[in-house]
Amino acid sequence: MSILNKIKRNKDRILSILVLLPSIIFLAIFVYGFIFQTGYQSLTDWTGVGEPEESNFVGLQNYKKLFTGLLEIRFRQSLVNTLFFTFFFIIGCLSLGLLFAILIDQGIRFEGFFRLIFLYPMSLSFIVTGTVWNWLLNPVGGVNRLPTLFNKDAWEFRWIASRTQIFQFDWLQLPKGIGIILLITLIYLSYRYWKEEKNITAIITSIISLITLVWLLSGGADKIQLLKVPEIHGFNLAMVGIILAAIWQMAGYMMAMYLAGIRGIPEELREAARVDGANELQIYAKVIFPMLMPITLSAMIVLGHISLKIFDLIYVIAGPDNATTDVPGVLMFMTSFRGNQFAKGAAIAIIMLIMVAVIIVPYLVSTLKSEQEL
Amino acid sequence: MNPTRPFRRALIYGILIFFVIIFLVPAYMVVATSLKDPIQISLKTAWDLPNPVFFQGFVDAWIKFKPNIINSLSLVIPATLISAMMGSINGYVLAKWKFPGSNVLFMLMLFGMFIPYQSILIPLFRFLKTIGLYGNISGLVIVHVIYGLPITTLIFRNYYAEIPTEMIEAGKIDGAGFFKIYGRIVFPISLPGFVVVIIWQFTQVWNEFLFAVTLTSGTGNEPITVALSNLAGGRAVQWNLPMAGSLMAALPTLLVYLFLGRYFIRGLLAGSVKG
């Protein structure tokens with residue numbers, strides 16, 4: 001009987017794996033296999049003619065060109081655009097989402113109505129949002145004409161057509177800039193580790209900070225000549241309208257996340273704080289915000305990976321071939337499928353993947369770890 | 001009691017209503033513009049109400065977009081159902097038949113839902129060309145099923161994790177095997193899970209653009225998103241058309257949201273893994 005059961009148990013075990021197998025195989029090929037192929041293609045000079053395997057292997061040439069080639073200024077600006085987009089998009093979504101969640105949590109009437117309105121853009125396609133905002137952001141119509149409804153002068157900001165650039169910096173200064181950011185992060189980490197009395201880690205990070213400092217002071221960063229001539233990049237104000245559209249679409253998502261978080265906080269905690277004499281403001285500052293930190297982190301990761309990949313919205317609002325509003329997602333598409341420079345497109349795709357993986361992989365690993373601790 | 005109370009209330013409603021108006025402004029613009037006669041649409045009067053109301057835009061948009069809406073439907077329905085079924089059975093295995101390394105495997109699967117699809121797009125494009133499914137709706141169905149697997153598996157795995165293990169064990173003691181437990185115990189209580197997953201996949205696939213534009217552009221099999229972007233991209237358009245088209249493209253997912261919003265939000269929160 002027990003042997004029979006054992007056989008049966010084993011049969012079920014095998015069955016369970018067999019059932020999972022098709023999905024595993026599909027994802028192994030379509031995710032990991034294809035990423036590997038893209039990676040290989042990015043190391044060749046393949047232009048879509050013939051097989052990538054038959055074209056020349058050029059090593060990291062495509063990557064080197066993207067970061068230092070005179071002609072690839074557009075790619076570098078697309079990276080800068082994405083980073084600024086990501087920054088403002090995350091700040092906008094988080095603050096609006098949190099504001100909505102807090103206001104809705106005040107025991108107001110018509111709560112369902114407000115939630116419905118703030119979240120409905122989330123059910124739309126970026127293509128629909130883009131079509132509508134394309135029209136709204138017309139320099140002589142749309143949003144710019146809103147003040148005329150109150151008998152004021154129309155706004156004159158040119159939105160997508162704007163050519164103004166702010167927060168400018170020289171690409172040549174990039175190694176130094178990265179060095180300084182690295183140094184600040186390292187010093188902060190060492191400080192944290194000292195405080196937490198993780199002495200060995202603290203000593204290691206301190207030593208690395210010291211090396212970075214010496215490297216910076218001895219002019220090591222200046223020796224990395226990315227380009228022969230200065231090249232100015234910055235935040236293109238043409239992105240502002242696109243950022244607003246993206247926030248309009250996604251802020252409700254953050255509201256839903258924060259609202260779920262706030263509602264998950266036991267009422268006793270707030271009650272206890274009230275008994276201790278805390279006012280509503282203090283309750284938020286001392287009880288609720290700290291408990292929302294994990295949600296904020298998840299939200300930043302979710303929003304960050306969306307904005308680093310952003311494609312549809314920019315394709316429709318600004319057009320796919322628009323140098324001022326370029327992002328890697330659109331540039332990769334145009335380079336590969338409209339320009340037939342498949343190797344270069346593959347390199348851009350791999351750079352995108354690395355940017356997303358940097359934030360997603362630690363997140364998945366930490367989720368896995370915390371699950372196993374349960 | 002507290003004299004500042006009414007003032008505080010008013011402030012809260014004031015801010016909320018202010019944002020409600022802002023959030024509805026684009027919706028007003030779409031509806032108003034779509035109901036205008038194209039010769040009446042000018043940048044200066046963009047905010048005016050349509051006068052007279054002109055329905056021909058919707059008729060024209062329907063004629064123009066009908067084939068694309070049919071394409072979208074014949075893409076969305078199979079893609080949603082197949083990925084939901086596969087996600088359900090995967091979730092069942094990963095929640096209730098764990099094996100050594102199954103959690104790591106699950107994380108490796110999940111990574112597939114976060115990657116920028118640009119990083120697999122060129123090989124995918126070549127693969128579909130090789131097997132002759134480029135520009136074909138069934139090719140796009142396969143693509144959406146495969147890249148939908150991580151999220152459908154995730155939602156079902158978390159949903160099934162809530163089923164008490166005792167129920168499964170009781171089934172085993174009664175002599176039920178792998179499939180019988182699924183069919184008798186797990187599947188019958190899966191309805192809410194299926195609703196969440198189907199709504200999520202429906203919305204995602206209907207709204208999707210990158211795969212669609214790469215794999216169907218110019219083949220006559222474009223889903224609605226691609227057709228709409230082509231129309232909006234041509235600059236000298238009559239603006240009532242893309243606006244009416246936007247409404248048509250938005251309607252299915254908007255209706256789902258309005259009537260099944262609760263499940264829509266659950267899918268949304270599941271998408272952030274930890275929720």
Side-chain angles (χ1 to χ4, degrees), chain A residues 12 15-16 19-20 23 26-27 30-31 34-35 37-38 41 103 106 108 114 117-118 120 123-128 131-132 134-136 138 140-142 145 149 253 256-257 260 298 302 305 309 311-312 315-316 319 329 332 336-337 342 345-346 349-350 352-353 356 360 364 367-368 371-372, chain B residues 12-13 15-16 20 23-24 26 29-30 33 43-44 46-47 86 89-90 93 97 99 103-105 107 109-112 114-116 118-124 146 149 153 177-178 203 207 209-210 214 225 228-229 232-233 239 242 246 249-250 253-254 257 261 264-265 268-269 272-274:
Chain A
D12 282 342
L15 268 181
S16 70
V19 158
L20 200 57
S23 301
F26 279 139
L27 289 174
F30 280 72
V31 174
F34 282 2
I35 287 176
Q37 281 192 19
T38 308
Q41 286 155 7
L103 291 179
Q106 300 302 309
I108 55 160
F114 288 117
I117 298 295
F118 295 142
Y120 88 92
S123 71
L124 305 176
S125 161
F126 270 132
I127 302 302
V128 169
T131 309
V132 178
N134 185 336
W135 178 231
L136 282 172
N138 189 306
V140 269
R145 305 242 1 130
L149 299 178
Y253 185 6
M257 279 181 83
S298 307
V302 170
H305 99 273
K309 305 193 286 203
F311 170 76
D312 334 18
Y315 186 106
V316 182
M332 182 275 165
S336 314
F337 296 100
F342 282 99
I350 293 296
M352 289 178 71
L353 179 70
V356 170
I360 288 299
L364 286 178
T367 309
L368 180 69
E371 260 195 23
Q372 272 164 352
Chain B
I12 290 172
Y13 283 111
I15 298 172
L16 283 173
V20 163
F23 269 65
L24 287 177
M29 190 58 130
V30 182
T33 311
L43 291 164
K44 296 239 142 117
W47 293 100
M86 289 180 78
I89 199 96
N90 289 346
V93 173
W97 294 86
F99 49 89
N103 277 343
V104 175
L105 186 77
M107 288 299 149
M109 290 175 82
L110 272 193
F111 183 62
F114 293 107
I115 57 166
Q118 278 86 350
S119 64
I120 49 89
L121 204 55
I122 300 172
L124 179 70
I146 293 174
L149 282 175
T153 303
F178 176 81
T203 314
N207 289 343
F209 183 64
L210 178 61
T214 312
T225 47
L228 185 60
S229 83
W239 271 95
S246 292
T253 53
L254 209 52
Y257 169 68
F264 177 78
I265 294 172
L268 212 55
L269 296 178
S272 60
V273 188
K274 277 174 184 163

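All chains are named by letter (A, B, ...) in the order of the sequence lines, taking the proteins before the strands, and each is independently numbered beginning at 1.
For A:Met352, the parts lying near chain B are the backbone and the side chain together; criterion is any non-hydrogen pair under 4.5 Å. Proximity to chain A (any heavy atom under 4.5 Å) is shown, for B:Phe23, by both the backbone and the side chain. Interface remark: A:Val140 contributes backbone and side-chain atoms alike to the contact with chain B (heavy atom separation under 4.5 Å). Proximity to chain A (any heavy atom under 4.5 Å) is restricted, for B:Ile265, to the side chain, taken from C-beta onward. For B:Thr203, the part sitting under 4.5 Å from any heavy atom of chain A is the side chain, from C-beta outward, and nothing else. Heavy atoms closer than 4.5 Å to chain A are found in both the backbone and the side chain of B:Val20. At a 4.5 Å heavy-atom cutoff, the contact between A:Thr131 and chain B is made by backbone and side-chain atoms alike.
Put simply, the side chain of B:Ser229 never gets that close to the backbone of A:Val316: no donor and acceptor are under 3.5 Å apart. B:Asn90 contributes no side-chain N or O that, together with a main-chain N or O of A:Leu20, makes up a donor-acceptor pair within less than 3.5 Å. No donor-acceptor pair under 3.5 Å is formed between the side chain of B:Ser119 and the backbone N or O of A:Ile350. Under the 3.5 Å distance criterion, the side-chain polar atoms of B:Gln118 are left unmatched by any main-chain donor or acceptor of A:Ala349.
Separation of atoms CG (B:Leu24) and CD1 (A:Ile117) is listed at 4.5 Å; rounding is to 0.5 Å. A distance of 11.0 Å separates OG of A:Ser298 from CG of B:Leu269, quoted to the nearest 0.5 Å. The line from OG of A:Ser123 to CG of B:Asn207 is 7.5 Å long, rounded to the nearest 0.5 Å. Distance check, rounded to the nearest 0.5 Å: CZ of B:Phe111 to CG of A:Leu364 gives 8.0 Å. One finds the CG atom of B:Leu268 at 8.5 Å from the CE atom of A:Met257 (value rounded to the nearest 0.5 Å).
Between A:Gln41 and B:Pro123 the shortest side-chain heavy-atom distance falls below 4.5 Å. Counting heavy atoms from C-beta on, the side chains of A:Ile35 and B:Ile115 come closer than 4.5 Å.
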TODO: Walk me through it: do A:Asn138 and B:Trp239 pass the test side-chain contact (heavy atoms from CB on, under 4.5 Å)?
DONE: CA-CA 12 Å; A:Asn138 189 306; B:Trp239 271 95; 5.7 Å; no

TODO: Apply the test side-chain contact (heavy atoms from CB on, under 4.5 Å) to residues A:Phe30 and B:Leu149: give CA-CA distance (whole Å), side-chain angles for both, the deciding distance (0.1 Å), then the verdict.
DONE: CA-CA 11 Å; A:Phe30 280 72; B:Leu149 282 175; over 6 Å; no

TODO: Just do the side-chain contact (heavy atoms from CB on, under 4.5 Å) check on B:Leu210 and A:Tyr315 with the steps written out, would you?
DONE: CA-CA 10 Å; B:Leu210 178 61; A:Tyr315 186 106; over 6 Å; no

Task: side-chain contact (heavy atoms from CB on, under 4.5 Å) evaluation trace for B:Phe178 with A:Val19 - done: CA-CA 10 Å; B:Phe178 176 81; A:Val19 158; 3.6 Å; yes

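Listed options B:Thr253, B:Ile12, B:Thr225, B:Ile122 were ranked by heavy-atom pairs under 4.5 angstrom with chain A; first place goes to B:Ile122. In terms of heavy-atom pairs under 4.5 Å with chain A, the best-connected choice from B:Gly261, B:Ala249, B:Ala250 is B:Ala250. Top candidate by heavy-atom pairs under 4.5 Å with chain B, chosen from A:Phe114, A:Phe26, A:Phe118, is A:Phe118. Your options are A:Ser16, A:Gly142, A:Ala346, and the one with the most heavy-atom pairs under 4.5 Å with chain B is A:Ser16.
Ring geometry for A:His305 against B:Phe114 counts as perpendicular: the plane angle is over 60°, on a 0 to 90° scale with 30° as the lower cut.
Nearest heavy atoms, A:Phe34 versus B:Leu124: CE2-CA, 3.5 Å. Across A:Val31 and B:Ile120, no two heavy atoms sit closer than the pair O-CG2, 3.7 Å. Closest heavy-atom contact between A:Leu368 and B:Met107: CD1-CG, 3.6 Å. Across every non-hydrogen atom of B:Met29 and A:Leu136, the tightest pair is CG-CD2, 3.8 Å.
Here the rule is side chain to side chain contact (heavy atoms under 4.5 Å, CB included) with A:Leu27, and of B:Thr153, B:Leu110, B:Ile146 only B:Ile146 fits it.
Ring to ring, A:Tyr120 and B:Tyr257 are not that close: their centroids are 6.0 angstrom or more apart. Here the two rings, on B:Phe209 and A:Phe126, have centers that are 6.0 Å apart or farther.
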